[in-house]
Amino acid sequence: MDRHRPLYHFTCGAWMNDPKPFFHGGEYHVFFQHNPHEAFWGKMHWGHAVSTDLAHWRELPIALAPTPGSPDADGCWTGCVVEDAGRFHILYTGIPESKPFRQVQCLATSGDLITWGKRPEPVITEMPDGFGPCFRDPQAWREADGWRMVIGSEVAGKGGAALLYESSDLIHWQYGGPMFVGGQETGHDFECPDFFPLGDRHVLLTSRGNTWWHIGDYEESGFTRRNWGAVDGGSFYAAKTLRDDQGRRILFGWIQETRSKEAQIEAGWSGALSLARVLTVLPGNRLGAAPAPELAALRREHYPFDAIALKDGEEMLLPYGEGDALEITVTFAPSDTARFGVLVRSSPDRAERTEIGYDRVGERLVETPFRLEPDEPLTLRIFVDRSIVEVFANNRASHTLRVYPERDDCLRVGLFAQGGPVTAAALDIWNLGGG
Ligand code: DQQ
(Lines give C-alpha, C1' and ligand atoms only; values in the text may rest on other atoms or scores of the structure.)
Protein backbone atom coordinates (compact mmCIF):
# COMPACT_ATOMS: atom_id res chain seq x y z
CA MET A 1 0.00 0.00 0.00
CA ASP A 2 1.42 3.36 -1.09
CA ARG A 3 0.74 5.89 1.69
CA HIS A 4 1.03 8.71 -0.86
CA ARG A 5 -1.88 7.46 -2.96
CA PRO A 6 -4.84 9.84 -2.58
CA LEU A 7 -7.94 8.73 -0.72
CA TYR A 8 -10.70 10.81 -2.34
CA HIS A 9 -9.12 12.04 -5.57
CA PHE A 10 -9.73 9.64 -8.45
CA THR A 11 -6.67 7.65 -9.53
CA CYS A 12 -6.61 4.68 -11.88
CA GLY A 13 -4.76 1.37 -11.92
CA ALA A 14 -1.69 2.61 -13.79
CA TRP A 15 -1.01 5.87 -15.67
CA MET A 16 -3.50 8.70 -16.31
CA ASN A 17 -3.31 12.19 -17.84
CA ASP A 18 -5.62 14.66 -19.69
CA PRO A 19 -9.24 14.46 -18.46
CA LYS A 20 -12.06 14.82 -21.02
CA PRO A 21 -15.25 15.54 -19.06
CA PHE A 22 -18.78 14.97 -20.38
CA PHE A 23 -22.17 15.22 -18.64
CA HIS A 24 -25.13 13.07 -19.57
CA GLY A 25 -28.29 11.82 -17.86
CA GLY A 26 -27.38 13.01 -14.37
CA GLU A 27 -23.88 11.48 -14.55
CA TYR A 28 -20.50 13.16 -14.66
CA HIS A 29 -18.24 11.19 -16.99
CA VAL A 30 -14.53 11.81 -17.19
CA PHE A 31 -12.57 10.08 -19.92
CA PHE A 32 -8.81 10.32 -19.57
CA GLN A 33 -5.55 9.47 -21.27
CA HIS A 34 -4.53 6.12 -19.91
CA ASN A 35 -1.75 3.58 -20.10
CA PRO A 36 -3.38 0.54 -18.49
CA HIS A 37 -0.18 -1.52 -18.49
CA GLU A 38 2.24 0.52 -16.39
CA ALA A 39 2.48 3.75 -14.45
CA PHE A 40 4.24 5.75 -17.17
CA TRP A 41 3.15 7.59 -20.30
CA GLY A 42 2.83 5.05 -23.09
CA LYS A 43 0.58 4.00 -25.98
CA MET A 44 -2.46 6.02 -25.07
CA HIS A 45 -5.91 4.56 -24.39
CA TRP A 46 -9.04 6.36 -23.22
CA GLY A 47 -9.88 5.38 -19.64
CA HIS A 48 -13.31 6.21 -18.24
CA ALA A 49 -14.68 7.10 -14.79
CA VAL A 50 -18.14 8.21 -13.69
CA SER A 51 -19.67 10.01 -10.73
CA THR A 52 -23.21 10.97 -9.78
CA ASP A 53 -22.17 13.46 -7.09
CA LEU A 54 -18.73 14.85 -8.08
CA ALA A 55 -17.31 13.41 -4.85
CA HIS A 56 -17.25 9.64 -5.43
CA TRP A 57 -15.89 8.06 -8.63
CA ARG A 58 -16.19 4.63 -10.20
CA GLU A 59 -13.89 3.37 -12.94
CA LEU A 60 -15.59 1.97 -16.07
CA PRO A 61 -14.13 -0.18 -18.86
CA ILE A 62 -11.57 1.35 -21.21
CA ALA A 63 -13.40 3.30 -23.93
CA LEU A 64 -10.75 3.39 -26.68
CA ALA A 65 -7.58 1.37 -27.29
CA PRO A 66 -5.12 1.70 -30.19
CA THR A 67 -5.93 -0.60 -33.13
CA PRO A 68 -2.84 -2.10 -34.84
CA GLY A 69 -2.42 -1.02 -38.47
CA SER A 70 -5.02 1.75 -38.11
CA PRO A 71 -4.87 5.57 -37.89
CA ASP A 72 -4.54 5.30 -34.08
CA ALA A 73 -2.08 2.39 -34.05
CA ASP A 74 0.36 4.34 -31.85
CA GLY A 75 -2.16 6.02 -29.58
CA CYS A 76 -5.62 7.46 -29.06
CA TRP A 77 -4.75 10.94 -27.88
CA THR A 78 -6.87 13.70 -26.40
CA GLY A 79 -10.16 14.97 -27.80
CA CYS A 80 -13.76 15.50 -26.74
CA VAL A 81 -17.16 13.82 -26.39
CA VAL A 82 -20.34 15.24 -27.92
CA GLU A 83 -23.92 14.03 -28.25
CA ASP A 84 -25.96 14.18 -31.45
CA ALA A 85 -29.50 12.77 -31.84
CA GLY A 86 -29.11 10.28 -28.99
CA ARG A 87 -25.68 8.99 -30.10
CA PHE A 88 -22.32 9.88 -28.56
CA HIS A 89 -19.23 10.76 -30.53
CA ILE A 90 -15.57 10.97 -29.55
CA LEU A 91 -13.39 13.18 -31.72
CA TYR A 92 -9.77 12.45 -30.89
CA THR A 93 -6.27 12.60 -32.28
CA GLY A 94 -5.03 9.32 -33.68
CA ILE A 95 -1.30 8.68 -33.89
CA PRO A 96 -0.77 6.34 -36.87
CA GLU A 97 2.95 6.21 -36.13
CA SER A 98 5.32 7.89 -33.71
CA LYS A 99 8.38 7.83 -35.99
CA PRO A 100 7.96 9.86 -38.11
CA PHE A 101 5.39 11.52 -35.88
CA ARG A 102 1.96 11.91 -37.49
CA GLN A 103 -1.34 13.24 -36.09
CA VAL A 104 -4.76 12.73 -37.66
CA GLN A 105 -8.23 13.45 -36.28
CA CYS A 106 -10.49 10.43 -35.74
CA LEU A 107 -14.10 9.70 -34.81
CA ALA A 108 -15.65 6.95 -32.66
CA THR A 109 -19.35 6.49 -31.91
CA SER A 110 -21.40 4.88 -29.15
CA GLY A 111 -25.01 4.42 -28.07
CA ASP A 112 -24.22 4.02 -24.36
CA LEU A 113 -20.86 5.78 -23.69
CA ILE A 114 -19.35 2.37 -22.83
CA THR A 115 -18.86 0.51 -26.13
CA TRP A 116 -17.33 2.54 -28.93
CA GLY A 117 -17.05 1.78 -32.65
CA LYS A 118 -14.31 3.55 -34.58
CA ARG A 119 -14.71 5.02 -38.05
CA PRO A 120 -11.88 3.24 -39.93
CA GLU A 121 -10.59 6.36 -41.74
CA PRO A 122 -9.66 9.64 -40.05
CA VAL A 123 -12.01 12.62 -40.50
CA ILE A 124 -9.06 15.04 -40.95
CA THR A 125 -5.69 13.89 -42.23
CA GLU A 126 -3.76 17.05 -43.16
CA MET A 127 -2.92 20.10 -41.15
CA PRO A 128 -3.37 23.49 -42.84
CA ASP A 129 -0.30 25.24 -44.25
CA GLY A 130 1.53 27.63 -41.95
CA PHE A 131 0.78 25.81 -38.70
CA GLY A 132 2.25 23.00 -36.63
CA PRO A 133 3.96 20.73 -35.76
CA CYS A 134 1.30 20.48 -33.01
CA PHE A 135 -2.04 19.53 -34.63
CA ARG A 136 -4.15 17.74 -32.06
CA ASP A 137 -6.78 17.55 -29.31
CA PRO A 138 -10.02 18.44 -31.19
CA GLN A 139 -12.80 20.12 -29.20
CA ALA A 140 -16.23 20.37 -30.88
CA TRP A 141 -19.46 22.21 -29.99
CA ARG A 142 -22.81 22.76 -31.65
CA GLU A 143 -24.02 26.11 -32.99
CA ALA A 144 -27.40 26.95 -34.53
CA ASP A 145 -26.17 26.19 -38.07
CA GLY A 146 -23.93 23.19 -37.40
CA TRP A 147 -20.83 21.92 -35.63
CA ARG A 148 -17.68 23.88 -34.89
CA MET A 149 -14.38 22.47 -33.68
CA VAL A 150 -11.03 23.85 -32.65
CA ILE A 151 -7.80 21.89 -33.00
CA GLY A 152 -4.71 22.88 -31.00
CA SER A 153 -1.76 24.00 -33.09
CA GLU A 154 0.95 26.66 -33.26
CA VAL A 155 2.57 29.31 -35.43
CA ALA A 156 6.33 28.72 -35.29
CA GLY A 157 8.08 31.46 -33.33
CA LYS A 158 4.83 33.21 -32.37
CA GLY A 159 2.64 31.07 -30.12
CA GLY A 160 -0.32 28.72 -29.92
CA ALA A 161 -3.10 28.62 -32.49
CA ALA A 162 -6.70 27.38 -32.18
CA LEU A 163 -7.72 26.25 -35.68
CA LEU A 164 -11.43 26.51 -36.42
CA TYR A 165 -13.37 23.92 -38.43
CA GLU A 166 -17.03 23.56 -39.43
CA SER A 167 -19.16 20.50 -40.17
CA SER A 168 -22.80 19.50 -40.55
CA ASP A 169 -22.28 15.80 -39.71
CA LEU A 170 -19.12 15.52 -37.53
CA ILE A 171 -17.47 13.62 -40.42
CA HIS A 172 -16.80 16.19 -43.15
CA TRP A 173 -14.90 19.18 -41.79
CA GLN A 174 -14.05 22.46 -43.55
CA TYR A 175 -11.15 24.51 -42.28
CA GLY A 176 -12.09 28.12 -41.59
CA GLY A 177 -8.78 29.66 -40.46
CA PRO A 178 -7.34 30.27 -37.00
CA MET A 179 -9.96 31.30 -34.41
CA PHE A 180 -7.24 32.74 -32.19
CA VAL A 181 -3.42 32.93 -32.19
CA GLY A 182 -1.70 33.57 -28.86
CA GLY A 183 1.75 34.87 -27.98
CA GLN A 184 4.70 33.34 -26.14
CA GLU A 185 3.11 34.26 -22.77
CA THR A 186 0.88 31.19 -23.02
CA GLY A 187 3.46 28.82 -24.50
CA HIS A 188 4.59 27.89 -27.99
CA ASP A 189 1.50 25.79 -28.80
CA PHE A 190 -2.06 25.08 -27.64
CA GLU A 191 -2.55 21.56 -26.33
CA CYS A 192 -6.01 20.50 -25.19
CA PRO A 193 -8.04 23.55 -26.27
CA ASP A 194 -11.53 23.94 -24.81
CA PHE A 195 -13.99 26.67 -25.77
CA PHE A 196 -17.31 27.65 -24.23
CA PRO A 197 -19.60 30.57 -23.32
CA LEU A 198 -19.46 31.69 -19.68
CA GLY A 199 -21.53 34.56 -18.32
CA ASP A 200 -21.62 37.13 -21.11
CA ARG A 201 -18.15 36.18 -22.37
CA HIS A 202 -16.43 33.24 -24.05
CA VAL A 203 -13.52 31.32 -22.54
CA LEU A 204 -10.76 29.53 -24.42
CA LEU A 205 -8.62 27.17 -22.35
CA THR A 206 -5.25 26.07 -23.70
CA SER A 207 -2.35 24.13 -22.20
CA ARG A 208 1.42 24.44 -22.45
CA GLY A 209 3.45 24.68 -19.25
CA ASN A 210 0.21 25.52 -17.41
CA THR A 211 -3.43 25.45 -18.41
CA TRP A 212 -4.25 29.02 -19.41
CA TRP A 213 -7.58 30.81 -19.59
CA HIS A 214 -8.27 33.40 -22.26
CA ILE A 215 -11.49 35.40 -21.71
CA GLY A 216 -13.01 37.43 -24.51
CA ASP A 217 -15.67 37.75 -27.16
CA TYR A 218 -16.53 35.31 -29.91
CA GLU A 219 -17.87 36.70 -33.17
CA GLU A 220 -17.93 35.73 -36.84
CA SER A 221 -14.39 36.95 -37.21
CA GLY A 222 -13.03 34.79 -34.41
CA PHE A 223 -12.16 35.22 -30.76
CA THR A 224 -10.99 38.56 -29.38
CA ARG A 225 -9.13 38.13 -26.10
CA ARG A 226 -9.75 40.62 -23.28
CA ASN A 227 -7.68 39.01 -20.54
CA TRP A 228 -5.70 35.86 -19.77
CA GLY A 229 -4.08 34.05 -16.85
CA ALA A 230 -3.12 30.67 -15.37
CA VAL A 231 -5.89 28.34 -14.20
CA ASP A 232 -3.51 26.87 -11.60
CA GLY A 233 0.23 27.46 -11.41
CA GLY A 234 1.03 24.18 -9.64
CA SER A 235 1.10 20.49 -10.59
CA PHE A 236 -1.96 20.83 -12.73
CA TYR A 237 -2.31 20.51 -16.50
CA ALA A 238 -4.51 19.75 -19.53
CA ALA A 239 -7.72 20.96 -17.84
CA LYS A 240 -11.03 20.78 -19.69
CA THR A 241 -14.68 21.32 -18.81
CA LEU A 242 -18.24 20.03 -19.04
CA ARG A 243 -21.59 21.78 -18.72
CA ASP A 244 -24.04 20.05 -16.39
CA ASP A 245 -27.85 20.11 -16.12
CA GLN A 246 -27.69 23.08 -13.75
CA GLY A 247 -25.88 25.06 -16.45
CA ARG A 248 -22.64 24.99 -14.45
CA ARG A 249 -19.30 24.97 -16.26
CA ILE A 250 -17.16 22.50 -14.31
CA LEU A 251 -13.42 22.08 -14.83
CA PHE A 252 -11.16 19.08 -14.16
CA GLY A 253 -7.40 18.96 -14.54
CA TRP A 254 -4.70 16.33 -14.54
CA ILE A 255 -2.74 16.46 -11.29
CA GLN A 256 0.78 15.46 -12.28
CA GLU A 257 3.31 13.64 -10.14
CA THR A 258 6.54 15.34 -9.09
CA ARG A 259 8.40 12.29 -7.80
CA SER A 260 10.80 10.28 -9.95
CA LYS A 261 9.63 8.09 -12.80
CA GLU A 262 11.10 5.09 -10.94
CA ALA A 263 9.05 5.91 -7.82
CA GLN A 264 5.88 6.23 -9.93
CA ILE A 265 6.45 2.86 -11.60
CA GLU A 266 7.18 1.22 -8.28
CA ALA A 267 4.00 2.71 -6.77
CA GLY A 268 1.99 1.31 -9.71
CA TRP A 269 -0.10 4.41 -10.30
CA SER A 270 0.57 7.90 -11.62
CA GLY A 271 -1.59 11.00 -12.00
CA ALA A 272 -4.89 11.99 -10.45
CA LEU A 273 -8.08 13.79 -11.41
CA SER A 274 -8.41 17.19 -9.76
CA LEU A 275 -11.43 18.10 -7.70
CA ALA A 276 -14.36 19.50 -9.69
CA ARG A 277 -14.06 23.30 -9.96
CA VAL A 278 -17.04 25.50 -10.83
CA LEU A 279 -16.04 28.35 -13.16
CA THR A 280 -17.35 31.91 -13.29
CA VAL A 281 -16.33 35.15 -14.99
CA LEU A 282 -15.37 37.77 -12.41
CA PRO A 283 -15.33 41.55 -12.84
CA GLY A 284 -12.34 42.64 -14.90
CA ASN A 285 -12.67 39.59 -17.18
CA ARG A 286 -10.94 37.26 -14.76
CA LEU A 287 -11.68 33.57 -14.30
CA GLY A 288 -13.20 32.49 -10.99
CA ALA A 289 -12.91 28.88 -9.81
CA ALA A 290 -14.41 27.35 -6.68
CA PRO A 291 -14.53 23.74 -5.50
CA ALA A 292 -17.93 22.17 -6.28
CA PRO A 293 -20.29 22.39 -3.27
CA GLU A 294 -20.96 18.63 -3.61
CA LEU A 295 -17.49 17.96 -2.16
CA ALA A 296 -19.06 18.59 1.27
CA ALA A 297 -20.29 14.97 0.97
CA LEU A 298 -16.72 13.89 1.83
CA ARG A 299 -16.76 15.65 5.23
CA ARG A 300 -16.58 13.55 8.40
CA GLU A 301 -15.47 14.93 11.82
CA HIS A 302 -15.58 18.71 12.12
CA TYR A 303 -13.07 20.76 14.13
CA PRO A 304 -14.13 24.42 14.50
CA PHE A 305 -11.68 26.93 16.02
CA ASP A 306 -12.01 30.28 17.74
CA ALA A 307 -10.12 33.23 16.23
CA ILE A 308 -6.32 32.84 16.46
CA ALA A 309 -4.01 35.89 16.49
CA LEU A 310 -0.39 35.39 15.39
CA LYS A 311 2.43 37.81 16.13
CA ASP A 312 5.09 38.78 13.61
CA GLY A 313 7.38 35.77 13.13
CA GLU A 314 5.06 33.37 14.97
CA GLU A 315 4.47 29.85 13.79
CA MET A 316 2.21 27.37 15.60
CA LEU A 317 0.61 23.96 15.21
CA LEU A 318 -3.09 23.56 15.95
CA PRO A 319 -3.91 21.40 18.99
CA TYR A 320 -6.39 19.16 17.09
CA GLY A 321 -7.73 18.48 13.60
CA GLU A 322 -4.89 16.39 12.20
CA GLY A 323 -4.70 13.90 9.36
CA ASP A 324 -3.64 13.32 5.76
CA ALA A 325 -7.13 13.69 4.23
CA LEU A 326 -8.51 17.06 5.31
CA GLU A 327 -10.44 20.11 4.24
CA ILE A 328 -9.23 23.32 5.87
CA THR A 329 -11.12 26.60 5.49
CA VAL A 330 -9.51 29.67 6.99
CA THR A 331 -10.25 33.38 6.66
CA PHE A 332 -7.42 35.77 7.52
CA ALA A 333 -8.49 39.28 8.48
CA PRO A 334 -7.09 42.10 6.28
CA SER A 335 -3.48 42.99 7.17
CA ASP A 336 -0.29 44.42 5.70
CA THR A 337 1.69 41.34 6.67
CA ALA A 338 4.31 40.34 4.10
CA ARG A 339 3.77 36.58 4.15
CA PHE A 340 1.34 34.39 6.05
CA GLY A 341 -0.64 31.21 5.67
CA VAL A 342 -1.13 27.61 6.66
CA LEU A 343 1.20 24.68 7.34
CA VAL A 344 -0.03 21.27 6.23
CA ARG A 345 1.47 17.78 6.39
CA SER A 346 3.68 19.01 9.21
CA SER A 347 5.62 16.76 11.57
CA PRO A 348 5.05 17.51 15.30
CA ASP A 349 8.42 19.32 15.45
CA ARG A 350 7.64 21.28 12.23
CA ALA A 351 10.93 20.05 10.71
CA GLU A 352 9.10 18.54 7.75
CA ARG A 353 6.11 20.54 6.52
CA THR A 354 4.45 22.20 3.52
CA GLU A 355 3.75 25.93 3.54
CA ILE A 356 0.65 27.35 1.85
CA GLY A 357 1.57 31.02 1.87
CA TYR A 358 0.29 34.27 0.49
CA ASP A 359 3.26 36.45 -0.45
CA ARG A 360 2.13 40.08 -0.51
CA VAL A 361 5.42 41.37 -1.91
CA GLY A 362 5.71 38.81 -4.72
CA GLU A 363 1.90 38.78 -5.19
CA ARG A 364 1.74 35.00 -5.15
CA LEU A 365 -0.41 32.23 -3.71
CA VAL A 366 2.37 29.68 -3.23
CA GLU A 367 3.72 30.21 -6.79
CA THR A 368 0.53 31.19 -8.63
CA PRO A 369 0.09 34.93 -9.37
CA PHE A 370 -2.50 36.35 -6.95
CA ARG A 371 -3.00 39.80 -5.47
CA LEU A 372 -5.16 40.78 -2.51
CA GLU A 373 -6.78 44.19 -2.74
CA PRO A 374 -6.08 46.58 0.17
CA ASP A 375 -8.38 45.64 3.09
CA GLU A 376 -9.44 42.41 1.41
CA PRO A 377 -9.61 39.35 3.70
CA LEU A 378 -8.07 36.11 2.44
CA THR A 379 -10.13 32.92 2.50
CA LEU A 380 -8.16 29.78 1.75
CA ARG A 381 -9.86 26.46 1.09
CA ILE A 382 -7.28 23.73 1.28
CA PHE A 383 -7.91 20.09 0.36
CA VAL A 384 -5.19 17.77 1.64
CA ASP A 385 -5.27 14.25 0.22
CA ARG A 386 -2.06 12.45 1.20
CA SER A 387 0.35 13.57 -1.59
CA ILE A 388 -2.07 16.13 -3.10
CA VAL A 389 -2.83 19.62 -1.75
CA GLU A 390 -5.33 21.69 -3.76
CA VAL A 391 -5.60 25.31 -2.62
CA PHE A 392 -8.26 27.88 -3.56
CA ALA A 393 -7.86 31.56 -2.63
CA ASN A 394 -10.90 33.86 -2.59
CA ASN A 395 -12.39 31.70 -5.37
CA ARG A 396 -10.15 33.33 -7.96
CA ALA A 397 -6.74 31.68 -7.70
CA SER A 398 -5.83 28.01 -7.38
CA HIS A 399 -2.60 26.20 -6.74
CA THR A 400 -2.04 22.44 -6.60
CA LEU A 401 0.98 21.00 -4.79
CA ARG A 402 2.41 17.50 -4.58
CA VAL A 403 4.07 16.48 -1.34
CA TYR A 404 5.47 13.06 -0.51
CA PRO A 405 6.49 13.35 3.15
CA GLU A 406 9.36 11.15 4.23
CA ARG A 407 8.12 10.89 7.81
CA ASP A 408 4.82 9.16 8.50
CA ASP A 409 3.90 11.58 11.31
CA CYS A 410 3.39 14.58 8.97
CA LEU A 411 -0.25 14.94 9.96
CA ARG A 412 -0.41 18.30 11.75
CA VAL A 413 -1.88 21.62 10.60
CA GLY A 414 -0.49 25.01 11.59
CA LEU A 415 -0.39 28.74 10.88
CA PHE A 416 2.44 31.20 10.32
CA ALA A 417 3.01 34.94 9.96
CA GLN A 418 6.14 36.75 8.71
CA GLY A 419 6.65 40.50 8.45
CA GLY A 420 3.68 41.48 10.61
CA PRO A 421 0.82 40.04 12.67
CA VAL A 422 -2.19 38.26 11.24
CA THR A 423 -5.47 36.93 12.63
CA ALA A 424 -7.19 33.77 11.48
CA ALA A 425 -10.69 35.10 12.14
CA ALA A 426 -12.47 31.88 11.15
CA LEU A 427 -10.98 28.42 10.90
CA ASP A 428 -12.58 25.02 10.33
CA ILE A 429 -11.08 21.63 9.64
CA TRP A 430 -12.85 18.50 8.51
CA ASN A 431 -11.55 14.97 8.18
CA LEU A 432 -12.51 13.76 4.72
CA GLY A 433 -13.59 10.24 3.85
CA GLY A 434 -12.93 8.06 0.82
CA GLY A 435 -14.12 9.04 -2.64
N1 DQQ B 1 -1.39 14.68 -23.93
C2 DQQ B 1 -1.96 13.94 -25.03
C3 DQQ B 1 -1.99 14.87 -26.19
C4 DQQ B 1 -1.99 16.20 -25.53
C5 DQQ B 1 -1.09 16.02 -24.36
C6 DQQ B 1 -1.19 12.68 -25.22
C7 DQQ B 1 -1.30 16.98 -23.25
O8 DQQ B 1 -3.10 14.66 -27.00
O9 DQQ B 1 -1.60 17.23 -26.40
O10 DQQ B 1 -1.25 11.89 -24.06
O11 DQQ B 1 -0.90 16.50 -22.00
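We count ligands from 1, going down the list as the structure has it; atoms in each ligand are counted the same way. Along the sequence shown, residues carry numbers from 1.
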Using a 4.0 Å cutoff against the non-hydrogen atoms of [X], which atoms of ligand 1 qualify?
| X | answer |
| --- | --- |
| Glu191 | 4 (C), 5 (C), 7 (C), 9 (O), 11 (O) |
| Tyr237 | 7 (C), 11 (O) |
| Met44 | 10 (O) |
| Trp41 | 6 (C), 10 (O) |

Polar side chain donor-acceptor pair, [X] to [Y], under 3.5 angstrom:
| X | Y | result |
| --- | --- | --- |
| His214 | Thr206 | yes |
| His24 | His29 | no |
| Asn210 | Tyr237 | no |

Practice prompt. Could you tell me whether Asn17 approaches ligand 1 through its side chain, its backbone, both or neither, with non-hydrogen atoms closer than 4.0 Å?
Written response: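 The answer is the side chain of Asn17.
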
Practice prompt. Classify the angle between the aromatic ring planes of Phe135 and Tyr165 as parallel (below 30°), tilted (30 to 60°) or perpendicular (above 60°).
Written response: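 Tilted, since the angle between the ring planes falls between 30° and 60°.
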
Worksheet item: For atom 10 (O) of ligand 1, which candidate among Met16, Arg136, Gln33 provides the closest heavy atom?
Response: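 It is Gln33 that holds the nearest heavy atom.
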
Worksheet item: Which of the listed options, Asp137, Thr78, Asp189, holds the heavy atom that is closest to atom 9 (O) of ligand 1?
Response: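 Of the listed residues, Asp137 has the closest heavy atom.
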
Discussion item. Given Ile382, which partner from the list Ile356, Val413, Leu401 fulfils the side chain to side chain contact (heavy atoms under 4.5 Å, CB included) test?
Written reply: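 Of all the options given, the one that passes is Ile356.
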
Item to complete: Answer yes or no: are there more than 12 heavy-atom neighbours, outside Glu406 itself, under 6.0 Å from its atom CD?
Response: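 Not buried by this count: 12 neighbours or fewer within 6.0 Å.
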
Item to complete: Please write down residue, atom name and distance for the protein heavy atom closest to atom 5 (C) of ligand 1.
Response: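 For atom 5 (C) of ligand 1, the nearest protein heavy atom is Asp18 OD2, 3.2 Å.
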
